2 protein chains.
Amino acid sequence: MIDTREHILNTSLKLFLQKSFKEVTMKEIVETTGLSKGAFYHYFSSKEKVFEEVVDFFLSDFMKFDFSNLSHDSLKSFYSDYLKSMEEKIQSAGKIGLVTGDTFNANHYFLLFDALKMLPSFKDKHLEHNQNELNAWTEIVTSAKKSGEINSKIPDELIAKTFIYLGDGFGMHLIIDGAASKMHELKPLFDGIYMGFRA
Amino acid sequence: MIDTREHILNTSLKLFLQKSFKEVTMKEIVETTGLSKGAFYHYFSSKEKVFEEVVDFFLSDFMKFDFSNLSHDSLKSFYSDYLKSMEEKIQSAGKIGLVTGDTFNANHYFLLFDALKMLPSFKDKHLEHNQNELNAWTEIVTSAKKSGEINSKIPDELIAKTFIYLGDGFGMHLIIDGAASKMHELKPLFDGIYMGFRA
DNA sequence: CTATATATTCCGACCGTTCGGTATGTTTTT
DNA sequence: AAAAACATACCGAACGGTCGGAATATATAG
């Protein structure tokens, strides 16, 4: 609790990951931080402003994926690393109290939907992020084909999209069902399509 | 505008598909229907109640998928039918003004998230729906293996989940990017994993 | 057919509460 | 003492919801 400003940001992030912007009230933010309204408005000029910063922070820390850090040896090792990073993310989500027991009580889509609606610049950033993710996967697929790791007539980008969408769909089910511990069930799915693309 | 009650329900559905429960105000519902507050509260006892009915309607009429109506000749014809049904759903969404030009301005996840939060009975219904979908896909996969259409060592349920999650992840991207016309891009993805599972 | 009684549908002013935000402090730090 | 950090009382607007009654439709009676 050294840095009050950061404390407010962390608390707000936690709240905005649990409910939508409208559902999170100033009263709630103030009470959860243990501060007062005066303190809050000393650091932020409005609820919108703290939301903006929360989104920025979340993007750079959570969503932004440094794909260059993942193994580029093979497609298999790439998605294995990818899955490992995902599990780590869930673990760090648990550390800030977003997982109680086995139950997920966070949903980053709240943040995403609100950001898309409220922050005009966000949509472009998000599309860029998506494009980067697609490019990273596509590159790996391309080199996996070159190396002979996989051998499929399906266009590289389609294979990349298959991995991405499969992961996203799985993640959505995870969030809705609230079962954080089932993250490991994604690997068999990736293994399955991987086998298919090898043939 | 014959049946006022139904008119309110349709209008509310449209609104609840565009924003969250909290974001939709009574003022908005009343003004969009062209009625008055008194008229609204003559038919519904609260905003929550109309939401409940909207959710019921949406589930039973929109979202609910009659898998028995899809072709059971083969896995390929099954998912082809599935995709066709999806396209029809988008078309009917367009008919009630949820698609302007090429842009999706609906997001059924608003409805889903709110329903999961507010309606205790909903989670079970939703899980049941998911289970039914999984069962339908799994059955098809099983018989596709028996008939020799596909020949994969991957468990039937995993294959089923791959199709489902891939579709969901794709749908999520569609909604977020707002590009309703790109629905057809899912077929190549399905074809891709289908080829893989045949080997 | 008309007139009256009764039920339904709809209206909009109004209510209490909560919302985000402000003004004006008091405490703490430098 | 000056400034930064925090607290609290308060504000107007917007919220969901209520209420008495007007308008309209339907049923009944003469």
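Below, read A as the first sequence line, B as the second, and so on, with proteins coming before strands; counting in each chain starts at 1. Owing to the predicted nature of the structure, the values given are computational and were not obtained by experimental measurement.
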So that I can tick it off, tell me whether [Y] and [X] are bridged by a salt bridge, with the cut-off set at under 4.0 angstrom between side-chain N and carboxylate O.
| X | Y | answer |
| --- | --- | --- |
| D114(B) | K22(B) | no |
| K27(B) | E31(B) | yes |
| K161(B) | E133(B) | no |
| K84(A) | E88(A) | no |

Does E6(B) have more than 12 heavy atoms from other residues, nucleotides or ligands lying within 6.0 Å of its CD?
no
Is the NZ or CZ atom of K47(B) both under 6.0 Å from the centre of the six-membered ring of F21(B) and within 45° of that ring's axis?
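Here K47(B) passes the 6.0 Å and 45° test against F21(B).
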Bounds of contact between DNA chain C and chain B, in 5' to 3' order, using a heavy-atom cut-off under 4.0 Å:
dT9(C) to dG12(C)
Expressed in angstrom and rounded to an integer, what is the separation of [X] atom [atom1] from [N] atom [atom2]?
| X | N | atom1 | atom2 | answer |
| --- | --- | --- | --- | --- |
| E28(B) | dG17(D) | CD | C1' | 17 Å |
| M26(A) | dA7(D) | CE | P | 13 Å |
| L35(A) | dT8(D) | CG | P | 11 Å |

Within residues 40-53 of chain B: residues closer than 4.0 Å to DNA chain C (heavy atoms)
H42(B), Y43(B)
Would you tell me if any nitrogen or oxygen in the side chain of T4(A) comes within less than 4.0 Å of OP1 or OP2 on dC6(D)?
yes
Test of understanding: clusters of I, L, V, M, F, W, Y form through side-chain heavy atoms closer than 4.5 Å, transitively. Do Y165(B) and M195(B) belong to the same one?
no
Position toward the 5' end of DNA chain D (nearest nucleotide), A39(A) or K22(A)
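On the 5' side of the pair lies A39(A).
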Donor-acceptor list for residues 175-183 of chain A side chains, cut-off 3.5 Å, not counting sequence neighbours:
from	atom 1	to	atom 2	distance (Å)
S181(A)	OG	D102(A)	OD1	2.9
S181(A)	OG	D102(A)	OD2	3.3

Assuming nearest nucleotide by heavy-atom distance, tell me which of F21(A) and G38(B) is located more 5' along DNA chain C.
G38(B)
